[in-house]
Amino acid sequence: MKVIVVGNGGREHAIAWKLAQSSSVEEVICTPGNGGTAFEKKCRNVEGKTHEDFIKIAKDNGCTLCVVGPEDPLAAGLADKLWEAGIPTVGTKSAPAQLEASKDMAKDFMKKYGVACADSKTFTDKKEALEYVKKHGAPIVLKADGLAAGKGVVVALNMEDALKAVEDLMEGALVGDAGRKLVIEEYMRGVEISILAAVSVTPELSKENKSVIIPFMSARDHKRLLDGAKGPNTGGMGAICPVDDVTEEVLAKFNSNILEPTLKGIQAEGWDYRGFIFFGLMITKDGPKVIEYNVRLGDPETQAVLPLMDFDFAQLCKAITEGKLKEFKTAWKKGYVVAPVAVSGGYPKSYKKGMAIKIDTQKIAETGAKVFFAGASEDRRTEGGIFTSGGRVLACSAQADTFDEAWKKAYEAIEHVSFDGMFYRKDIGLPGAAESN
């Protein structure tokens, strides 16, 4: 079969790479794709921007399955249109996509169905929000209601920062209209983890008791720019999988207090949710609690999780769309993956683009690592050439039986990649590197 993958980030490169490993996949069409997917085995980039473009590309190329990577097109109803066009799609329809598109809606859902999460209150009036912050004090968490490309959350450790965040978010200086409605949340103490999962829920499947959410191995993203979890928040400076401090007890509480009520809630709402879900969690003294839902695979967590899958990812995707996920058997390779991310100088603020990326493919191959490209484009003027086109440029993902070995391989590999202004953290996965409150 031929599969179309919508998106152009590191997550989409990893998805395309994993799909291409399936013997059932003849070709992966990446739209628009990036400099990595341009050279990936069995993959081909096709330019596309609109929903209509994606549908036409899928039909013109005989694609019988679509995987949508990013959240924006899902919230805008791309999956709805693909299904209407007769293209089975891995990616939730627009109604449940609001679990990510609206923080307020997500909090209402969690409270309604008893999902363990932080206490919160939502505001549309800036004066009331400021008064609430003054009354409750800091530390406190402030979240823009809408999609904000990872820039809509402020963890304010003092009153000055909290009040400034209300002004910045609600007046539009930081995230535009996404911050007109503001969710103010209690500050949870603990350490963050991510659990990605496959979802197959429709009203019909629920009637037959076949709706299911199947979690993947635990992962951890490192969001701060600098070593030691310092500096500004980013879209992710690296990830590891699995996470050793996710114990059986933590997983049991996750299943009973988060996953199961989330599944029941999706069923009760009558939603059509066939795709992936990302549980951003804080492990507190009372067990894991939801920080946020994402309605797609995480980035850069995907680059750490997918290499450990010991099953056919394309067949998993088919099972999601066909309502057969409950019978699908997952298996996982032993060991660990470490995936540090290389970013452009100046990121997450202003940065230059168009820097040539130099890669010693032979040396990287010797380490056993895999480079997943994100903010990188193919240089059609130079055979095999790639240049930077974004802030988070690539991840070097390495797998090994032990964490130490995987860490060594990943950092050996990243030394064989270079571009002007390149920067990366040196401590992904090490003690003291994880964000904690």
Side-chain angles (χ1 to χ4, degrees), residues 1-9 11-16 18-20 22 24-33 37 43-44 46 48-101 147 196-206 210-214 266 269-278 293-299 302 306 312-326 328:
M1 64 177 171
K2 292 185 178 182
V3 185
I4 181 171
V5 174
V6 176
N8 65 348
R11 165 184 50 230
E12 287 74 39
H13 185 183
I15 288 171
K18 196 65 178 176
L19 286 167
S22 172
S24 66
V25 173
E26 176 187 347
E27 186 178 34
V28 181
I29 307 297
C30 304
T31 177
T37 55
C43 296
R44 176 164 57 93
V46 177
K49 293 182 179 180
T50 68
H51 292 187
E52 290 71 24
D53 290 342
F54 302 143
I55 292 169
K56 185 175 187 302
I57 291 166
K59 288 190 171 182
D60 288 351
N61 287 277
C63 297
T64 56
L65 180 68
C66 177
V67 181
V68 181
E71 65 276 16
D72 285 355
L74 292 173
L78 175 58
D80 305 64
K81 291 184 177 180
L82 285 161
W83 277 104
E84 287 170 7
I87 302 164
T89 301
V90 179
T92 181
K93 290 188 176 179
S94 59
Q98 304 313 305
L99 287 172
E100 179 170 2
L147 294 173
L196 316 182
V199 186
S200 189
V201 181
T202 68
E204 293 73 23
L205 290 173
S206 295
K210 291 183 179 179
S211 290
V212 67
I213 299 176
I214 295 181
I266 294 172
E269 294 293 328
W271 286 337
D272 185 335
Y273 194 138
R274 283 172 281 182
F276 299 109
I277 193 167
F278 168 118
Y293 290 122
N294 291 164
V295 296
R296 34 73 186 185
L297 294 176
D299 191 340
T302 299
L306 264 59
D312 189 314
F313 184 65
Q315 292 304 312
L316 172 84
C317 291
K318 280 194 69 178
I320 288 171
T321 62
E322 294 173 356
K324 298 177 180 177
L325 183 61
K326 195 164 188 177
F328 190 87

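Heavy-atom basis, side chains included; hydrogens, waters and symmetry copies ignored. If you're wondering where the values come from, they're calculated on a predicted model, not measured in any experiment.
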Between atom [atom1] of [X] and atom [atom2] of [Y], what is the distance when rounded to the nearest 0.5 Å?
{"X": "Ile15", "Y": "Phe276", "atom1": "CD1", "atom2": "CZ", "value": "6.5 Å"}
{"X": "Lys324", "Y": "Ser200", "atom1": "NZ", "atom2": "OG", "value": "11.0 Å"}
{"X": "His51", "Y": "Leu82", "atom1": "NE2", "atom2": "CG", "value": "8.5 Å"}
{"X": "Gln315", "Y": "Ser22", "atom1": "CD", "atom2": "OG", "value": "5.5 Å"}
{"X": "Glu100", "Y": "Ile277", "atom1": "CD", "atom2": "CD1", "value": "9.5 Å"}
{"X": "Asn8", "Y": "Thr37", "atom1": "CG", "atom2": "OG1", "value": "8.5 Å"}

Can you name the nearest heavy-atom pair linking [X] to [Y], along with the distance?
{"X": "Ala20", "Y": "Val28", "result": "N-CG2, 4.1 Å"}
{"X": "Asp299", "Y": "Gly9", "result": "OD2-C, 4.4 Å"}
{"X": "Ile320", "Y": "Gly275", "result": "CG2-N, 3.5 Å"}
{"X": "Gly298", "Y": "Leu196", "result": "N-CD2, 3.7 Å"}
{"X": "Cys43", "Y": "Cys30", "result": "CB-SG, 4.3 Å"}
{"X": "Leu19", "Y": "Cys317", "result": "CD2-SG, 4.3 Å"}

Any donor and acceptor pair, going by atom type alone, linking the side chain of [X] with main-chain N or O of [Y] inside 3.5 Å?
{"X": "Thr89", "Y": "Ile87", "result": "yes"}
{"X": "Thr31", "Y": "Val46", "result": "yes"}
{"X": "Asn294", "Y": "Arg296", "result": "no"}

(request) Kindly check if the number of other-residue, nucleotide or ligand heavy atoms within 6.0 Å of NZ (Lys18) is above 12? (result) yes

(message) Is it true that, when you exclude Lys2 itself, more than 12 heavy atoms of the residues, nucleotides or ligands shown sit nearer than 6.0 Å to its NZ?
(response) yes

Find out whether [X] and [Y] are in side-chain contact, i.e. whether some heavy atom of one side chain is under 4.5 Å from a heavy atom of the other.
{"X": "Leu205", "Y": "Tyr273", "answer": "no"}
{"X": "Leu99", "Y": "Trp271", "answer": "yes"}
{"X": "Met1", "Y": "Val25", "answer": "yes"}
{"X": "Arg44", "Y": "Asn61", "answer": "yes"}
{"X": "Glu27", "Y": "Ile29", "answer": "yes"}
{"X": "Lys81", "Y": "Glu52", "answer": "yes"}
{"X": "Ile4", "Y": "Ile57", "answer": "yes"}
{"X": "Phe328", "Y": "Leu316", "answer": "yes"}

(message) Consider side chain to side chain contact (heavy atoms under 4.5 Å, CB included). Of Val201, Thr202, Thr92, which one does Ile266 pass it with?
(response) Val201

(message) My understanding is that only residues two or more places apart in sequence, or in another chain, count here; which of them pass side chain to side chain contact (heavy atoms under 4.5 Å, CB included) with Pro70?
(response) Arg11, Glu12, Val68, Pro73

(request) May I ask you to say whether Lys49 pairs ionically with Asp53, meaning some side-chain N is under 4.0 Å from a carboxylate O? (result) no

